[in-house]
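Labels below follow one simple rule: chain letters A, B, ... track the order of the sequence lines, proteins then strands, and each chain is numbered from 1. Keep in mind it's a predicted model, so treat the numbers as computed, not measured.
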Number of protein chains: 2
Amino acid sequence: MMLDDRKIKILAAVVHDYIATAEPIGSRTIARKYRIGISPATIRNEMADLEELGYLSQPHTSAGRVPSHKGYRFYVDFLMPVKKLSAAEHGLIRQIFDKRVNELEQLVREAARVISNLTSYTTLTMGPQLKSSRLKHINVNRIDETKGLLLMVTNYGTVSHNIIEMPQNLNDSDLVRISNILNDNLVGKTLLEITSDIMDNIKNEMIEYDEILNMLLEILIENLDEEDERSKVVSTGSSKMLDYPEFQDVEKAKNFFSLLEKSDLMTKALKTSTKPAAINITIGSENPFTELQDFSIVTSNIMVDGKDLGVFGILGPTRMEYSRVVSILEHVTNYLIKALSTML
Amino acid sequence: MMLDDRKIKILAAVVHDYIATAEPIGSRTIARKYRIGISPATIRNEMADLEELGYLSQPHTSAGRVPSHKGYRFYVDFLMPVKKLSAAEHGLIRQIFDKRVNELEQLVREAARVISNLTSYTTLTMGPQLKSSRLKHINVNRIDETKGLLLMVTNYGTVSHNIIEMPQNLNDSDLVRISNILNDNLVGKTLLEITSDIMDNIKNEMIEYDEILNMLLEILIENLDEEDERSKVVSTGSSKMLDYPEFQDVEKAKNFFSLLEKSDLMTKALKTSTKPAAINITIGSENPFTELQDFSIVTSNIMVDGKDLGVFGILGPTRMEYSRVVSILEHVTNYLIKALSTML
DNA sequence: TTTAGCACTCTCCAACTTAGAGTGCTAAAT
DNA sequence: ATTTAGCACTCTAAGTTGGAGAGTGCTAAA
């Protein structure tokens, strides 16, 4: 079911033009703008064929043609040019990683902002599933007479801190002992594995610290929920979408924003569209979630040493500048992976 | 220039109805809905007077009347009923403070979310100016062979952490010494006061730790900029605005969103509208910034022990449910202040 | 001083018209 | 056997027109 050369040229022209203008494109325009060397009439015949084959569609009888999802798919798989980024764009991306930033979250946030600025679409980010992350370091510090600080670092490089009430009867060497015990018993475990069982063991080892250990356990459990919160999908640059003709209708815009707020949906969308491949493109109705079938999503996972540190996703209209988006995403992801692999 | 009783009743009716419906309101409607006991004709005469006095205005000759900014101001100052919150609303607010949350930022974020849900307007929040906050605790922890963690806590209860590269030649007791020295020299100072001068002093005291101290100084300086970032205005619930008739025009909506992105403008707006009073209302053209003159802003500062810990602001159309907004803001702020004063 | 009555103004909306873009089909041209 | 010119046809977008309805201000009567 391959297309002949002329059909391909016409399909490419339609996709290219529609991505740029958002207007249905007619035979006359193709003949004028993309010199293929055949008359509008012939182009019309070819377009009728392409429509029958499912690559194009017509908003109404006397309008030009618009690519169908199948049309975009063909374009993405076979026709899409590799878009070179300009020096300025390169510079913007590199700039994020020049700063000495040592934390995953911040780096990802910055990257999302730049992606969103460069593409003018909405960028989605999802952090690593912290339930599966392993504790790398844990300790308790004293801040003042009554307050302390519980500090945890995971192997993903995420840091979390919690201010705690300090039992009065603990001195500094107690804290060092507690920190050491916690480290010895908990480091290397995933946050899910740290249950009351393990904590009971520790408590048995150190009955004298019962009070504070109970408190810490409680905080650990609370953190689990919260961290889940943290690993949720965050969207950046959503207001940019209002510039696109697709969202000139306020209803559409509202619909889009409320979509972004359905964080479980967005989480699933980012997860399922992430096959092993580096870059993943889901076009319109290819998406299993009906609410997202008017959009396209391009995702890219951040894999470092086999660890899945999260996903970038770009959410935009099906009429998306795929080639630009893909190369921007590729670049940012590569830089980020490089930065992270020296960091972790 | 006081209004007589009948004019006040009519003004109240217009403001009340316009806040509810966003439609200009005519003499007939007032006579029907708000039984004042006079005929539409008389109401017309009174409304003509109110218009001449500047309390009402007419979108066009044959439309009803709409409150002017002066009209809203009169309403807010003299007519506004005290809105009692429902039990459910009370519950939602209380709920935030039931969780054991020990951090200012998180608490504020939660509070903003609830305010935005309850009012359906956009909530703005601004943290304390960290440049003026005082260091309460600082120390350096080791995470693994090559990595360490610089930890800082301010008197406002904000915590910041930075992962750092550890020089190889430091052992654990070195870290304790460094932490102690830093604490002794820096605690109590504002972040602005911590300049290279002070650090030079410390370095002189401990020439052997030159390398790590230089690094820490660099991080401190970087943090200053970043913390500024943190104390910037954050907006919550902006997409809710799309429900209001004021923003049915996409241009208007776009304009609103790009306004939110001008963070320096929003910062100034929150600062200047904050006189000593607890709650501050700025209506339309009362705002010194022309871009904001189509909106009203209600602010409330979080003052604990004379320390300014930040500001809540609600941004909405001039046609805003002032009484609801004010009482919600009062409640949340009071709860928050109570929570913080036990915390800090 | 208040009110009924009425002419007047302005907006909103639905119905209609027109220009323009694009199509599909047919028949002629290559 | 393709390709192309020509043409009738269709559909939309953008006016234009003409009430209907809401609301006003003024005048004169209550």
Side-chain angles (χ1 to χ4, degrees), chain A residues 3-11 13-18 20-68 71 245-246 248-250 252, chain B residues 3-11 13-15 17-18 20-68 71 245-246 248-250:
Chain A
L3 303 174
D4 65 55
D5 197 54
R6 206 166 61 183
K7 282 196 178 59
I8 288 178
K9 274 195 184 126
I10 290 173
L11 176 57
V14 174
V15 174
H16 183 267
D17 213 67
Y18 189 67
T21 65
E23 301 282 332
I25 175 170
S27 53
R28 214 188 141 75
T29 319
I30 292 185
R32 233 189 305 113
K33 274 169 83 173
Y34 304 79
R35 328 213 104 277
I36 305 184
I38 47 179
S39 78
T42 314
I43 295 177
R44 278 205 286 285
N45 289 329
E46 295 287 32
M47 292 210 293
D49 290 352
L50 281 168
E51 183 167 359
E52 198 164 351
L53 291 168
Y55 293 99
L56 298 179
S57 73
Q58 245 178 329
H60 55 85
T61 17
S62 74
R65 299 305 206 291
V66 157
S68 68
E246 277 84 349
Q248 282 320 82
D249 182 3
V250 184
K252 295 262 172 60
Chain B
L3 303 174
D4 65 53
D5 197 54
R6 205 166 60 183
K7 283 196 178 60
I8 287 178
K9 273 195 185 123
I10 292 172
L11 176 57
V14 174
V15 173
D17 214 69
Y18 189 67
T21 66
E23 301 281 330
I25 174 170
S27 53
R28 213 187 143 74
T29 319
I30 292 186
R32 234 189 305 113
K33 272 169 88 172
Y34 304 81
R35 324 214 107 275
I36 305 184
I38 49 179
S39 77
T42 314
I43 295 175
R44 276 206 286 284
N45 289 329
E46 294 286 32
M47 291 209 295
D49 290 353
L50 281 167
E51 182 166 0
E52 200 165 348
L53 291 168
Y55 293 98
L56 298 179
S57 73
Q58 246 179 329
H60 56 85
T61 15
S62 73
R65 298 303 205 293
V66 158
S68 68
E246 278 84 350
Q248 283 318 84
D249 181 4
V250 184

Between CZ of R44(A) and P of dA21(C) the distance, given in whole Å, is 14 Å
For the pair made of CD1 in I10(B) and P in dT2(C), what is the distance, rounded to whole Å?
11 Å
Does the Q58(B) side chain pair with the main chain of A63(B), one donor and one acceptor, at a distance under 3.5 Å?
yes
Under 3.5 Å donor-acceptor, S27(B) side chain and I43(B) backbone:
no
Identify the nucleotide, in any strand shown, that forms a Watson-Crick or G-U wobble pair with dC26(D), with both distances under 3.5 Å; if there is none, say none.
dG5(C)
Any strand, both distances under 3.5 Å, Watson-Crick or G-U wobble: dC13(C) pairs with dG18(D)
Using OP1 and OP2 only, check whether a side-chain N or O of T42(B) sits under 4.0 Å from dT3(C).
yes
On DNA chain D, reading 5' to 3', which nucleotide is the first and which the last to sit with an atom under 4.0 Å from a heavy atom of chain B, could you check?
dA22(D) to dG25(D)
Could you check whether A41(B) gets within reach of a base, just the sugar-phosphate, or nothing at all, counting any heavy atom under 4.0 Å?
base
Scan T61(B) against the nucleic acid and name what it touches under 4.0 Å (heavy atoms): base, sugar-phosphate only, or nothing.
sugar-phosphate
May I ask you to check whether over 12 heavy atoms, not counting those of K252(A), lie within 6.0 Å of atom NZ?
no
Are more than 12 heavy atoms from other residues, nucleotides or ligands located less than 6.0 Å from atom CZ of R32(B)?
yes
Would you say Y34(A) and H16(A) make side-chain contact, with heavy atoms under 4.5 Å?
yes
Whether E46(B) and R6(B) form a salt bridge (side-chain N of Lys/Arg under 4.0 Å from carboxylate O of Asp/Glu) is what I want to check.
yes
